[in-house]
Amino acid sequence: MGRKVLVTGGTGYIGSHTVVELQSVGFEVVIIDDLSNSSADVVDHIEKISGIRPAFEAFNLLDTDRLDAFFEQYAGIEAIIHFAAFKAVGESVEQPLAYYRNNLVSLMNILDCMSKYKVPNLVFSSSCTVYGQPDQLPVTENTPKKEAESPYGNTKAISEEVLRDVVKVNPDFKVIALRYFNPIGAHPSSLIGELPRGVPNNLVPFITQTAAGIRQQLSVFGDDYDTPDGSCIRDYINVVDLAKAHVVAINRLINNANSERYEFFNVGTGNGASVLEVVNTFEKATGVKLNYKIVARRPGDIEKIYADTTIANTVLGWKAETSLSDTLLSAWNWEKRIRNIN
Ligand code: UFG
């Protein structure tokens, strides 16, 4: 048996890819997910890829009785990767209390369990949203944080502060927060990927659904930004590369006795790509023409952001490997598989 890791949100988009990468290097994975934004089939697909069925318990992390029962049942967990959270920016503006309760209380419940059941290590899903629109690019880990643009973003900023303060008074705890840039793409097997409910908010699922004929037209939100082609710039990171960053982080927590007890890293490629570049790269990589139209800016969007990955590369020892073109092709292959397109 490998070392045991709990992955909350393990049937979700980034969680499922991380479970596969953990299993591939011998970790024994246990998943908790309430299936509020994913499906139990994902467990079957993980098993198809890795040949190993992860243990899976379906409940919400606000349920402290279930959490206690869980930790009594699964003794010997060495580390937790905490993905489970609400993540829709627009929805968080409509329902701030639901976001603060779910995202913050679940983290606090996890921290309580770490004390109670002696689990020393945590990897936390944070976001580049904590930087807002930075004054200087690329952003390093030391770029000052800006006031959050949405309640969702604020839950990530507050969570980081909670973690920093809790680690200070718990000498046994070690925590790494990973600040994700824009995760896209799917596993090369096309067995797991991103499955948004309803109309996608994010660019790449909207692109692949447009290519599949599910959406009529992609709206490009603004071409009058202060960027070379006028559309917004982001740092799009391949989801498998991102998943691997979690394995590196877990190994660092478990094996590196000298690392700081609370650390945070940018997880991006270091390259900015504009919306129009993503559209063009998708068309070239897949040979599919996209029906798109430039429309007004989307309220709340920042103009440009991309990561300085020096610290992630040198201190964490992780680097993104997959090209934007290959990543967009993987997203398309996934969309084709789930829609039965040849
Ligand atoms: N975009 C379009 N058309 C679409 C969807 C998106 O032009 O149909 C553009 C957006 O305007 C933006 C870019 O594509 O310029 C990326 O948009 P996404 O919605 O895919 O991603 P965001 O950068 O807005 O949001 C992501 C995560 C959030 C996180 C945020 C942090 O989805 O969870 O990064 O900056 F909060």
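Counting starts at 1 for both ligands and their atoms, following the listed order.
Distance from atom 32 (O) of ligand 1 to its nearest protein heavy atom, with residue and atom name: Asn202 ND2, 2.8 Å. Counting protein heavy atoms only, atom 26 (C) of ligand 1 is closest to Asn182 ND2, 3.6 Å. Nearest protein heavy-atom contact of atom 4 (C) of ligand 1 is Phe221 CE1, 3.3 Å. Of all protein heavy atoms, the one closest to atom 15 (O) of ligand 1 is Cys232 CB, 3.0 Å. For atom 24 (O) of ligand 1, the closest heavy atom belonging to the protein is Arg298 NH2, 2.9 Å. Looking only at heavy atoms of the protein, atom 9 (C) of ligand 1 is closest to Val275 CG2, 3.7 Å. Nearest protein neighbour of atom 12 (C) of ligand 1, counting heavy atoms only, is Arg234 NH2, 3.8 Å. In terms of protein heavy atoms, atom 31 (C) of ligand 1 is closest to Thr129 CB, 3.5 Å.
Remark: ligand 1 and Ser127 share no N or O pair separated by less than 3.5 Å (distance only, no angle test). Residue contacts with ligand 1: Leu203 is placed with a nitrogen or oxygen under 3.5 Å of a nitrogen or oxygen of the ligand (distance criterion only).
Only the side chain of Tyr236 comes within contact range of ligand 1, with a heavy atom under 4.0 Å; no backbone atom does.
The pair Asp44-Arg53 counts as a salt bridge, with a side-chain nitrogen and a carboxylate oxygen less than 4.0 angstrom apart. By the 4.0 Å N-to-carboxylate-O rule, Glu283 lies close enough to Lys289 to be salt-bridged with it. With respect to the salt-bridge test (charged N to carboxylate O, under 4.0 angstrom), the residues Lys156 and Glu160 do not qualify. A salt bridge links Glu263 with Arg252: the distance from a Lys NZ or Arg NE/NH1/NH2 to an Asp or Glu carboxylate oxygen falls below 4.0 Å. The residues Lys293 and Asp223 are annotated as not salt-bridged, no charged nitrogen and carboxylate oxygen being separated by less than 4.0 angstrom.
Counting only non-hydrogen atoms, the option in Gly222, Cys128, Ala88, Ser219 that gets closest to atom 8 (O) of ligand 1 is Ser219.
For the side chain to side chain contact (heavy atoms under 4.5 Å, CB included) with Leu242, the qualifying choice from Val267, Leu178, Thr322 is Val267, the only one to do so.
The contact set between ligand 1 and Leu218, taken as ligand atoms under 4.0 Å from a residue heavy atom, comprises 8 (O).
No hydrogens or angles considered: nothing links the side chains of Asn37 and Tyr13 as a donor-acceptor pair under 3.5 Å.
Using cut-offs of 30° and 60° for the angle between ring planes, the Phe264 and Tyr262 rings count as tilted.
For the pair Tyr152 and ligand 1, a heavy-atom separation below 4.0 Å is found.
Residue Gln136 holds its CD atom at 13.5 Å from OH of Tyr131, rounded to the nearest 0.5 Å.
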